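Input: one structure, supplied below.
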Amino acid sequence: MGVQTGMILHHWEPCGNSGRPLLCLAEKGLEFGSRYVDVLRFEQFAPDYLALNPRGEVPVLLHEGAAITEASYIEQYVEETFPETALMPADAVGRWRVRAWQKHVDEEIAPFVSVLNVTALRSQMLASRTPDQLRTEVECIPVRQRRNLWDTSVLQGPTEAQVQEARRKVTAFIDGELEPALRIHEWLTGHYSLADGAAFCFVSFLPRLLGDVVNAERTPSILAWLLRMRARPAVQATLALARVGNPFNLAAPGPEPVRWG
Amino acid sequence: MLELYHCDPNANSGKPMMALKEKGVEFISHYVNLPRFEQHEPAYLRVNPRGQAPTLVHDGVVITESTLMCEYIDEAFEGPALRPASPRARARMRAWNKYLDEEFGPSLSMIAWSRFLGPMYRNTERAEVESLIARIPTEERRRTWRTAIYDEFPAGALDESLRRLEEGARLLEASLERSPWLAGDSFSIADIVGYNMAGALPRLFGQITNAESTPRCMEWLERVRSRPAILAALAMDRGALRAAGRPPLEGSP
């Protein structure tokens, strides 16, 4: 039994941005109320949910009347509110390193995983509806930016240029940052931290989506780290929350890439 | 030893300059002339291989990412707090920072490049521009600069950017109706980021931000600008951006 907190987390599957706070709460042994939001049924655009987060994005953490959004900031909020079992170093440099990893995950992997996964997502969506139904549902998304993102990524599909850009950006991050860091350290910032959880929730997609880049020959340190992650009880408990089989087969569109550069 | 590599006090360079002045921390200033692409010269790339300014070097440790740099400055040094005490207000501060850095700032910057900055480079010999671009360390950054200089933004992107500026002005105004500073009752890093990202709004986009339609936003910008520390940072302007014919306060890509 974990520590009672009064927190409620609205989340989707234990992967991507929903996986991050789930993993953070599990690592810290904190109890919370779980509210599952079925993103493929567009529950994130229901009026009740938009009242919590007008951007129509998961996850959202409710605590003491506040609705905290954005995985990176939910993680830091939980860390600052419940500092026991620290998931950030105590020194300013170490904390900056964790935040820099969070930012790089947010900007350099997260938006591109869903681009690379769109074919799988589209067939998943069309398993339970016709293309016309899907089109109507997307056109009814009430949040303009989300509607545009679903339209361009799922209805129209990413252009070849966008897929190539996604491959380039993720490869640059893997080769330039992640593999070199894990060659030196067991965990990204030395000790296990929020940085590892954030990266794990997105990098776990890549052996399948970008197998020519992330594999035992090219990136042995990343593969060994993924196994170390999966050996952690908190990771196992978090992945056991999946309702769809392997959650790393599913990625919804978003977040939007930083718009230029 | 604390060294800051920076250009003029606006956009990303302005953030740590203002944070350090607010904190009252002395630092060694290394001026990087962005319009002359000094951030892509070998000497600078040894400090920051990404070729981006600003960079903070504290006792030999390299700290990058201007907004995270401000949180680092607040944690590493004594002086007035630049972040609210409560985790809840901090989350609000960070959400503003993210929005301003990732949505609002790039939208403003995109329009500024298309309307004001790109044409200036396009008046330069193409071979000269290409030789400057060739020094940029990564292909991704080279693409970004080409897009900016040659106005190769995707169809509809500029309209969407303008729409986002209007939305941003409304969000700022609504927030400032509730509290005097973006994260709540006290000045914070969100106000520094906001000033650096939105400070040019009234001058460049007066139809969006003005005394009639967004009075609180105008008052807030003035409140930030009149702080002694902000004035001290602004006094470090050496005019590289103006000398290059660029109106100040727009980020480089």
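Keep in mind that what you see is a predicted model, and the values were worked out from it rather than measured. Each chain gets a letter, A, B and so on, in the order its sequence line appears, and its residues count up from 1.
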> Within a radius of less than 6.0 Å around CZ of Arg135(A), do more than 12 heavy atoms belonging to other residues, nucleotides or ligands occur?
Replying inline: no
> Under a 4.0 Å N-O cut-off, is there an ion pair linking Arg50(B) with Glu177(A)?
Replying inline: yes
> Going from OG1 on Thr64(B) to NZ on Lys103(A), what distance comes out if it is rounded to the nearest 0.5 angstrom?
Replying inline: 9.5 Å
> So with a 6.0 Å cut-off around CZ of Arg163(B), is the heavy-atom count from everything else above 12?
Replying inline: yes
>> Salt bridge check, Glu167(B) against Arg144(A): does any charged N sit closer than 4.0 Å to a carboxylate O?
In response: no
> Thr67(B) versus chain A, heavy atoms under 4.5 Å apart: side chain, backbone, both or neither?
Replying inline: neither
> For chain B, which of Glu79(A), Arg97(A), His63(A), Glu108(A) has the most heavy-atom pairs under 4.5 Å?
Replying inline: Glu108(A)
> Does Glu64(A) pair with Arg88(B) as a salt bridge, N-O distance under 4.0 Å?
Replying inline: no
> Do you know which of Arg92(B), Met69(B), Glu65(B) has the most heavy-atom pairs under 4.5 Å to chain A?
Replying inline: Glu65(B)
> Looking at Val93(A), Thr69(A), Thr81(A), which makes the most heavy-atom pairs under 4.5 Å with chain B?
Replying inline: Val93(A)
>> For a side-chain contact (heavy atoms from CB on, under 4.5 Å) check, start with the C-alpha distance between Glu107(A) and Glu102(B), then their side-chain angles and the critical distance, and finish with the verdict.
In response: CA-CA 9 Å; Glu107(A) 294 183 3; Glu102(B) 295 180 15; 2.9 Å; yes
> Just checking, any donor-acceptor pair under 3.5 angstrom between side chains of Arg94(B) and Gln76(A)?
Replying inline: yes
> Would you call Glu256(A) and Arg164(B) a salt bridge, taking side-chain N to carboxylate O under 4.0 Å as the test?
Replying inline: yes
> Should Tyr99(B) and Arg55(A) count as side-chain neighbours, where that means a heavy-atom distance under 4.5 Å?
Replying inline: yes
>> If you count every heavy atom of other residues, nucleotides or ligands that lies below 6.0 Å from His104(A) atom NE2, does the total exceed 12?
In response: yes
>> What I want to find out is whether Arg99(A) reaches Glu75(B) closely enough, with some N-O distance under 4.0 Å, to be called a salt bridge.
In response: yes
> Distance from Ile68(A) atom CD1 to Arg90(B) atom CZ, nearest 0.5 Å?
Replying inline: 12.5 Å
> With distance as the sole test, does Trp96(A) use its side chain to make a donor-acceptor pair with the main-chain N or O of Ile73(B) at under 3.5 Å?
Replying inline: no
>> For Glu78(B), I'd like to know if atom CD has over 12 heavy atoms of other residues, nucleotides or ligands within 6.0 Å.
In response: no
>> With heavy-atom distances below 4.5 Å as the criterion, would you say the side chains of Arg143(B) and Glu165(A) are in contact?
In response: no
> Do NZ/NE/NH1/NH2 and the carboxylate oxygens of Arg168(A) and Glu139(B) come within less than 4.0 Å?
Replying inline: no
> So does Asp212(A) have more than 12 non-hydrogen atoms from other groups sitting under 6.0 Å from CG?
Replying inline: yes
